[in-house]
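Residue numbering restarts at 1 for every chain, and letters A, B, ... go by the order of the sequence lines. These numbers come from a predicted model, not from an experiment.
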Amino acid sequence: MSVERELKEQVWELPIDTRDGEFVAQYSQKGLSGLNFPRKQGHLARLPNGKPIPSEIHRWHQQTTNALVNTLSGKPIKEFPPLDLSVGTNFQQRVWQVLKTIACGNTLSYGEVADEIGDRKAVRAVGRACGANPIPVLIPCHRVLASNQKIGGFSGGLDWKRKLLAREGVLLLE
DNA sequence: TAAGTGCGTCGTT
DNA sequence: AACGACGCACTTA
């Protein structure tokens, strides 16, 4: 792999300590590209080996940290870091874009999200796209429920989904 | 009513 | 060609 290509794909991985454990944020040159839930076992995030963290990334990380902490407390996000969603297909990016519009404490059903992107019939595909969300919590896929206010699914584990919704004051059926 | 079954539909692998 | 983080319509009890 050429140096040039390696640089282009450079990714920084930085930890975020929260009351719910240590999340790990990933940054590309374009912005926040991934966010991982805390590992079961205290797995330390891999810090960039010896390379200084660009100030730009440091700033993004500060924004990510604030946004994450706010959402974990059921509070709205004041400021987003730039998001790099380029891993997603066109369809997935459209879905994730819709998710970003769901305000704290609000929810949509998978069907309603499908409506938003203009194809009610794509419900199941929407569910799949939600599951592929690389930046959970900040891109609030936990605010998408099945019809009838039922919980639906969550790739990070339903416990997380319930916890996040509870903190935002969302009532579930079941 | 509540719980269970079947199936359309669409993007992804 | 098969599979979902769905949503209906349609059984049953």
Side-chain angles (χ1 to χ4, degrees), chain A residues 1 5 8-9 11 13 16 18-41 43 45 64 67-77 80-174:
Chain A
M1 189 185 293
R5 185 163 175 74
K8 192 173 184 180
E9 294 182 352
V11 170
E13 213 173 43
I16 303 177
T18 75
R19 60 162 157 157
D20 296 299
E22 186 193 74
F23 285 70
V24 177
Q26 294 155 352
Y27 300 89
S28 70
Q29 308 280 357
K30 298 180 186 171
L32 178 65
S33 57
L35 184 62
N36 300 328
F37 285 104
R39 308 269 168 165
K40 322 256 186 230
Q41 304 294 338
H43 166 269
T64 301
L68 177 59
V69 167
N70 272 340
T71 305
L72 290 177
S73 306
K75 296 190 292 191
I77 293 173
F80 277 88
L83 305 182
D84 178 4
L85 299 178
S86 58
V87 285
T89 63
N90 188 70
F91 178 82
Q92 289 169 335
Q93 292 191 32
R94 280 161 63 208
V95 170
W96 300 338
Q97 197 56 45
V98 171
L99 302 192
K100 276 185 64 182
T101 69
I102 311 178
C104 176
N106 287 27
T107 61
L108 288 182
S109 68
Y110 294 96
E112 287 167 333
V113 173
D115 274 338
E116 292 287 319
I117 62 174
D119 187 354
R120 329 178 147 253
K121 301 187 297 293
V123 205
R124 304 192 72 154
V126 165
R128 243 170 132 64
C130 289
N133 172 19
I135 312 180
V137 186
L138 296 203
I139 293 179
C141 55
H142 60 280
R143 295 181 189 142
V144 184
L145 307 180
S147 62
N148 294 331
Q149 299 296 108
K150 293 188 17 180
I151 183 79
F154 198 66
S155 52
L158 285 179
D159 288 343
W160 274 109
K161 188 169 184 176
R162 290 197 194 89
K163 184 190 291 186
L164 292 167
L165 289 170
R167 289 182 184 170
E168 296 181 10
V170 172
L171 297 175
L172 293 172
L173 230 58
E174 265 171 331

| query | When you check every protein heavy atom under 4.0 Å of nucleotides 8-13 of chain C, what one-letter string (B, S, -) results, 5' to 3'? | reply | ------

| task | Nearest whole angstrom, please: distance from the C1' of C:dG7 to the CG of A:D115. | result | 12 Å

| query | Do you know the tightest heavy-atom contact between A:P134 and A:S33? | reply | CB-O, 3.7 Å

| request: Would you confirm whether A:K30, through its side chain, and A:L83, through its main-chain N or O, come within 3.5 Å as a donor-acceptor pair? | output: no

| query | Run the ring-ring contact (aromatic ring centres under 6.0 Å, His included) check on A:F37 and A:W160 step by step: do they pass? | reply | CA-CA 9 Å; A:F37 285 104; A:W160 274 109; 4.8 Å; yes

| request: Check A:A25 against A:L32 and note the closest heavy-atom contact, atom names and distance. | output: CB-CD1, 3.9 Å

| Can any side-chain N or O of A:S73 pair as donor or acceptor with the backbone N or O of A:K75 at less than 3.5 Å? | no

| message | As a test of your reading of the structure, name each stem of DNA chain C as range with range, where a stem is three or more consecutive Watson-Crick or G-U pairs at under 3.5 Å. | response | B:1-8 with C:6-13, B:10-13 with C:1-4

| Length of the CG-P vector between A:N148 and B:dA2, whole Å | 11 Å

| Reckon A:G111 touches a base, only the sugar-phosphate, or nothing at all at heavy-atom distances under 4.0 Å? | sugar-phosphate

| field | Pairwise side-chain hydrogen bond (donor to acceptor under 3.5 Å, both in side chains) hits with a residue in residues 127-144 of chain A, at least two apart | value | A:H142-A:E168, A:R143-A:E168

| task | Return the minimal non-hydrogen interatomic distance between A:L68 and A:F23, and the atom names on each side. | result | CD2-CG, 3.6 Å

| Pairs touching residues 93-107 of chain A that satisfy side-chain hydrogen bond (donor to acceptor under 3.5 Å, both in side chains), sequence neighbours left out | none

| query | Taking all non-hydrogen atoms of both residues, which atom of A:L145 and which atom of A:I151 are closest, and how far apart? | reply | CD2-O, 4.0 Å

| query | Quick one: side chain to side chain contact (heavy atoms under 4.5 Å, CB included) partners of A:A67, sequence neighbours excluded? | reply | A:I77, A:L138

| note | Going 5' to 3' through nucleotides 7-13 of chain B and flagging B where a protein heavy-atom sits under 4.0 Å of the base, S where only the sugar-phosphate is that close, and - otherwise, we get -BBBBB-

